[in-house]
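Proteins get letters first, then strands, A, B, ... in listed order; numbering begins at 1 in each. Hydrogens, waters and symmetry mates play no part in the numbers below; they use all other heavy atoms, side chains included.
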2 protein chains.
Amino acid sequence: MQLLDRLRIVMINTSDSGNIGAAARAMKTMGLRQLVLVQPDEFPTAKATARASAAADLLHNARVVQTLDEAIGDCQLVFGTSARLRTIPWPLIDPRQGASRVMNEPEGADIAILFGREDAGLTNEELRRCHFHICIPANEEYPVLNIGAAIQVICYEMRMAALERQASPVAPDQSGMQQWDEPLVSSEDMERFLRHFEETLLDINFFDPNNPKQLVTRVRRLFLRTRMDRLEMNLLRGVLSTVQKRVKERP
Amino acid sequence: MQLLDRLRIVMINTSDSGNIGAAARAMKTMGLRQLVLVQPDEFPTAKATARASAAADLLHNARVVQTLDEAIGDCQLVFGTSARLRTIPWPLIDPRQGASRVMNEPEGADIAILFGREDAGLTNEELRRCHFHICIPANEEYPVLNIGAAIQVICYEMRMAALERQASPVAPDQSGMQQWDEPLVSSEDMERFLRHFEETLLDINFFDPNNPKQLVTRVRRLFLRTRMDRLEMNLLRGVLSTVQKRVKERP
């Protein structure tokens with residue numbers, strides 16, 4: 001159950017504060033506690049408190065921040081919820097598979113699940129910050145869950161998985177990374193690494209004739225998917241720095 | 001999916017019509033259609049319609065009745081949702097087990113799921129009309145889900161079970177890579193890539209002070225784990241070749 005305690009729900013640019021209250025109630029009934037609000041339109045409000053019912057303590061302890069970086073910078077695993085399919089497919093799983101992933105994270109991992117705007121969801125930019133996209137397999141005729149209801153479903157799956165894990169503590173998953181030798185990198189470390197990678201491409205004058213923008217997105221997707229640990233990242237950054245140095249040694 | 005179409009959600013003495021709208025939306029997003037209201041305090045209302053969003057058709061088609069008998073008299077299987085444990089224990093299952101039960105019903109069965117009052121749930125009398133009680137395993141500190149959120153969770157489990165029955169919901173496994181835009185690389189492609197990577201390390205005169213052998217093993221583990229696709233590999237090989245070229249341009 002401690003894992004639920006560490007799990008962070010991040011709501012971005014929520015316009016209706018009633019939905020923030022509903023989210024708090026959904027979270028508390030499922031044993032989650034950490035709510036982070038990125039630039040909410042209105043908060044706190046009486047409406048949010050009313051909808052939160054006996055979960056007002058979660059609203060009181062909610063962290064309000066201005067940027068996504070503040071919300072997830074220290075996280076090792078980030079999920080984005082998404083109904084739409086994007087141009088470049090990202091690892092896409094359902095809430096149950098997401099919960100299974102969460103339960104198999106190493107001890108002490110900080111994990112965030114991002115929820116976007118009521119009308120427009122997450123931006124492509126935000127979705128690219130995520131390791132996985134979670135999609136609730138909804139009715140194609142009308143796939144748009146209310147955001148509070150979506151948070152309820154995801155938190156429910158997290159709780160079900162936590163309960164299942166308590167019942168059978170050995171639950172290996174497909175990642176095989178439960179007992180790892182190095183801590184996994186944080187989201188902000190990953191951003192720094194990706195910037196370093198891009199800089200190096202510039203330094204070596206690398207040019208993708210087909211589509212330079214796609215290149216960056218594809219490299220990002222590749223390295224997010226692999227869940228790098230710190231030693232691996234240090235090794236690759238060492239390689240990048242050496243490349244930069246060698247290229248600059250030229251006359 | 002036809003089974004979902006037949007599944008009936010019965011709301012008894014609902015006091016807040018907003019919850020009826022939320023229920024309609026929850027149902028429609030999960031592919032359910034049949035809503036029955038037993039003596040609602042207020043219905044129809046503008047509030048219900050607003051909360052239903054694009055599920056207003058379910059409200060329009062909702063059946064309003066005066067007694068529980070009218071609501072479930074023709075059903076072969078009836079579930080009651082309950083947070084509390086009653087004096088006489090009843091067969092008590094969780095939503096997932098309930099969904100599994102529903103999926104194993106014979107063709108053409110009529111099935112109802114009862115939801116009680118916002119403040120007091122179902123009466124003992126009503127609960128005794130049910131074959132099974134469904135309990136969402138909530139946080140003991142605060143186990144009271146909003147009724148719309150509870151309907152969302154139950155309908156979600158019904159849909160997941162129906163999809164599982166149909167095979168492949170969003171993704172059959174946790175990798176999330178079943179619907180990928182590029183074919184994954186073969187083992188021999190991967191070996192070639194890793195050799196190319198090593199060659200490049202030599203060309204740039206990269207040296208891991210700690211343990212050169214470990215470096216190669218760790219890079220191998222990293223790239224094997226990520227399941228690279230062909231385009232990603234081509235991009236990275238392009239980067240490696242450019243690095244080699246730039247370094248050799250030196251006098």
Side-chain angles (χ1 to χ4, degrees), chain A residues 22 25-26 28-31 53-55 88-94 96-97 100-101 132-133 135-139 141-146 148-149 152-153 156 159-160 163 173-175 201 204-206 208 215 218-219 222 225-228 231-232 235 238-239 242-243 246-247 249-251, chain B residues 22 25-26 28-31 51 53-55 94 96 136-139 141-146 148-149 152-153 156 159-160 163 169-171 173-177 179-181 201 204-206 208 215 218-219 221-223 225-228 231-232 235-236 238-239 242-243 246-247 249-251:
Chain A
R25 181 170 178 178
K28 187 165 179 181
T29 58
M30 296 295 108
S53 194
I88 298 184
W90 219 257
L92 181 70
I93 57 185
D94 69 29
R96 193 160 302 165
Q97 294 163 329
S100 172
R101 282 248 163 216
F132 294 92
H133 295 165
C135 176
I136 297 176
N139 182 5
E141 269 180 53
Y142 180 42
V144 192
L145 277 72
N146 164 272
Q152 183 76 64
V153 164
Y156 163 78
R159 183 172 188 80
M160 287 296 282
L163 290 168
D173 79 349
Q174 293 185 351
S175 80
L201 291 184
I204 65 169
N205 203 17
F206 180 80
D208 176 25
L215 165 70
R218 285 184 181 272
V219 166
L222 170 72
R225 197 166 76 231
T226 199
R227 309 295 318 285
M228 259 195 281
L231 180 50
E232 290 165 345
L235 286 170
V239 172
T242 307
V243 167
R246 295 286 173 269
V247 169
E249 279 167 2
R250 291 162 54 206
Chain B
R25 181 170 178 178
K28 187 165 179 181
T29 57
M30 296 293 109
R51 288 281 292 278
S53 194
D94 69 27
R96 194 160 301 169
I136 297 175
N139 183 5
E141 270 180 54
Y142 179 42
V144 191
L145 276 72
N146 165 272
Q152 183 76 63
V153 164
Y156 163 77
R159 183 172 187 81
M160 287 297 281
L163 288 168
V170 169
D173 80 5
Q174 289 187 356
S175 78
M177 293 177 71
Q179 295 192 307
W180 211 245
D181 55 345
L201 291 184
I204 64 170
N205 201 18
F206 180 80
D208 177 26
L215 164 70
R218 285 185 180 270
V219 166
R221 183 182 70 167
L222 170 71
F223 284 110
R225 196 166 77 231
T226 200
R227 310 294 318 285
M228 258 196 282
L231 181 50
E232 289 165 346
L235 287 170
L236 289 188
V239 172
T242 307
V243 167
R246 294 287 173 267
V247 168
E249 278 166 3
R250 289 162 57 205

So, [X] side chain and [Y] main chain: donor-acceptor pair closer than 3.5 Å or not?
X: A:Arg246; Y: B:Ile204; answer: yes
X: A:Arg218; Y: B:Leu235; answer: no
X: A:Thr29; Y: B:Pro143; answer: no
X: A:Arg96; Y: B:Met160; answer: no
X: B:Arg159; Y: A:Pro137; answer: yes

For [X], is it the side chain, the backbone, both or neither that has a heavy atom under 4.5 Å from a heavy atom of chain A?
X: B:Leu201; value: side chain
X: B:Ala54; value: both
X: B:Ala55; value: both
X: B:Tyr142; value: both
X: B:Asp94; value: side chain

For B:Asn139, all residues meeting side chain to side chain donor-acceptor pair (under 3.5 Å), sequence neighbours excluded: none
Nearest-0.5 Å distance, CD of residue A:Glu249 to CG of residue B:Asn205: 9.0 Å
Interatomic spacing from CG in A:Leu222 to CG in B:Leu222 - rounded to 0.5 Å: 8.0 Å
A:Val153 versus B:Gln152, closest heavy-atom pair with distance: CG2-CG, 3.5 Å
Those residues that, when tested against B:Phe223, pass ring pair (Phe, Tyr, Trp, His ring centres under 6.0 Å) (two or more places apart): B:Phe193, B:Phe197
Pick whichever of [options] has the most heavy-atom pairs under 4.5 Å with chain B.
options: A:Val243, A:Leu145, A:Thr242; answer: A:Leu145
options: A:Met30, A:Lys28, A:Glu232, A:Arg25; answer: A:Arg25
options: A:Ala26, A:Ser53, A:Ala22; answer: A:Ser53

